[in-house]
Amino acid sequence: MRTDSLHRYRPICDAIAALFQPYVEVVLHELATDKAVYFAGNFSKRVLGEPSLLHEIDFEAENPVIGPYEKVNWDGRALKSITIVLRDEQGAPLGVMCINVNVSDFHAVMQTLSVLVRVPDSHYRPEALFKEDWHERINEFIRQWTQGRNVTISSMTHADRKDLVAALAESGAFSGKNAAAYISRVLGMGRATVYKYLRTEK
């Protein structure tokens with residue numbers, strides 16, 4: 001069985017996730033396969049083997065750390081994230097370690113904790129990371145759609161879910177590889193149901 005090139009970093013991922021459980025998720029992305037090869041404290045509903053979409057990033061030696069920056073989880077929770085470029089002994093990039101922190105709970109606590117959850121520039125979104133990240137685009141679309149209708153994913157009716165699938169399809173959300181599988185997991189629906197709603201709209 002093939003062992004991914006980032007195997008030695010797995011204990012570090014486990015340690016970080018365990019220390020800050022349940023608020024931190026750590027993901028290893030391998031450049032050779034352009035896939036996610038390890039999760040610790042997974043709360044993003046992404047799965048092993050999914051495309052990482054990192055092949056267009058310019059891994060400059062002087063920028064070993066990217067971020068921190070803001071992201072949105074599948075359920076609309078705010079995430080504070082940072083990415084570390086991992087290299088071999090010769091300095092060639094092997095992959096990246098992404099650390100995602102769920103800061104939504106902290107937004108409601110005392111002002112003295114604001115420094116912990118604050119992102120230096122709330123509008124900073126590394127273009128290289130988000131250029132092809134359809135996961136983030138889908139998450140953002142769903143957040144705006146549910147907020148606009150004052151509903152949550154867990155409270156949506158069957159009619160709401162059908163309307164949301166139609167809206168996602170119209171926006172082109174299903175054009176990404178494995179997008180349908182990701183959307184079905186986020187909405188808590190079977191893929192067959194998602195495809196049924198799509199056929200109904202055609």
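All values below were derived from every heavy atom in this structure, side-chain atoms included, with hydrogens, water molecules and symmetry-related copies excluded.
When hydrophobic clusters are built by joining Ile, Leu, Val, Met, Phe, Trp and Tyr residues whose side-chain heavy atoms come closer than 4.5 Å, directly or via intermediates, I138 is not grouped with V47. Neither V37 nor F39 shares a network with the other; the hydrophobic side chains, linked directly or stepwise wherever heavy atoms of I, L, V, M, F, W or Y lie under 4.5 Å apart, form separate groups for each. In this structure, L94 is a member of the same hydrophobic cluster as I84, with clusters built from ILVMFWY side-chain heavy atoms closer than 4.5 Å. Follow the hydrophobic side-chain contacts under 4.5 Å out from M156 and you reach F141 in the same cluster. Tracing side-chain contacts under 4.5 Å through hydrophobic residues (I, L, V, M, F, W, Y), one never reaches L48 starting from L6; they form parts of separate clusters.
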Full working for side-chain contact (heavy atoms from CB on, under 4.5 Å) between I12 and M97
CA-CA 10 Å; I12 299 175; M97 177 188 296; 4.1 Å; yes
Stepwise, does the salt bridge (charged side-chain N to carboxylate O under 4.0 Å, His left out) test hold for R137 with E140?
CA-CA 5 Å; R137 293 199 297 271; E140 184 63 35; over 6 Å; no
List the steps and the verdict of side-chain contact (heavy atoms from CB on, under 4.5 Å) for I66 and V96.
CA-CA 10 Å; I66 303 172; V96 298; 6.0 Å; no
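Every side chain to side chain donor-acceptor pair (under 3.5 Å) that S81 has, sequence neighbours left out, goes to N100. For R185, the salt bridge (charged side-chain N to carboxylate O under 4.0 Å, His left out) partners are E50, not counting sequence neighbours. Contacts of Y9 classified as ring pair (Phe, Tyr, Trp, His ring centres under 6.0 Å), with partners at least two apart in sequence or in another chain: none. Under the salt bridge (charged side-chain N to carboxylate O under 4.0 Å, His left out) criterion, R191 pairs with no residue, sequence neighbours left out.
Nearest heavy-atom pair, A179 versus A173, reported as atom, atom and distance to 0.1 Å: CB-O, 3.3 Å. Closest approach of W145 and D160 over heavy atoms only: CH2-O, 3.4 Å. The two atoms that bring A40 and D14 nearest to each other are CB-OD1, 3.6 Å, heavy atoms only. Nearest heavy-atom pair, L79 versus F43, reported as atom, atom and distance to 0.1 Å: CD2-CE1, 3.9 Å. Closest approach of A17 to G41, counting heavy atoms only: CB-N, 4.0 Å. The minimum heavy-atom distance between C13 and V26, with the atom names listed, is SG-CG1, 3.5 Å.
If you take OG on S175 and CG on L168, they are separated by 11.0 Å, rounding to the nearest 0.5 Å. Residue L28 holds its CG atom at 8.5 Å from SG of C98, rounded to the nearest 0.5 Å. With rounding to the nearest 0.5 Å, the separation of CG in L198 from OG1 in T193 is 11.0 Å. Taking CD1 from I183 and CG from N139, the interatomic distance works out to 10.0 Å, rounded to the nearest 0.5 Å. Considering CE of M189 and NZ of K162, their distance stands at 10.5 Å, rounded to 0.5 Å. Atoms CG and CD, from N73 and E136 in turn, are 9.5 Å apart once rounded to the nearest 0.5 Å.
Applying the ring-ring contact (aromatic ring centres under 6.0 Å, His included) test to every pair with at least one member in residues 11-38, sequence neighbours left out, gives these pairs: Y23-F106. Contacts classified as ring-ring contact (aromatic ring centres under 6.0 Å, His included) and involving residues 164-191 (residues at least two apart or in different chains) are given here: W134-Y182, H135-Y182.
Of the possible polar contacts, one joining the D75 side chain to the R77 backbone as a donor-acceptor pair under 3.5 Å is found. A donor-acceptor pair under 3.5 Å links the side-chain atoms of T146 to the main chain of I142, judged by distance alone. One N or O on the side chain of S52 and one on the backbone of A36 form a donor-acceptor pair closer than 3.5 Å. Side chain of R161 to backbone of I153: a donor-acceptor contact under 3.5 angstrom is found.
Around the NZ atom of K35, the shell of radius 6.0 Å holds no more than 12 heavy atoms that belong to other residues, nucleotides or ligands.
Considering V85, D88, L86 in turn, V85 is the only one that fulfils the side chain to side chain contact (heavy atoms under 4.5 Å, CB included) rule with P93.
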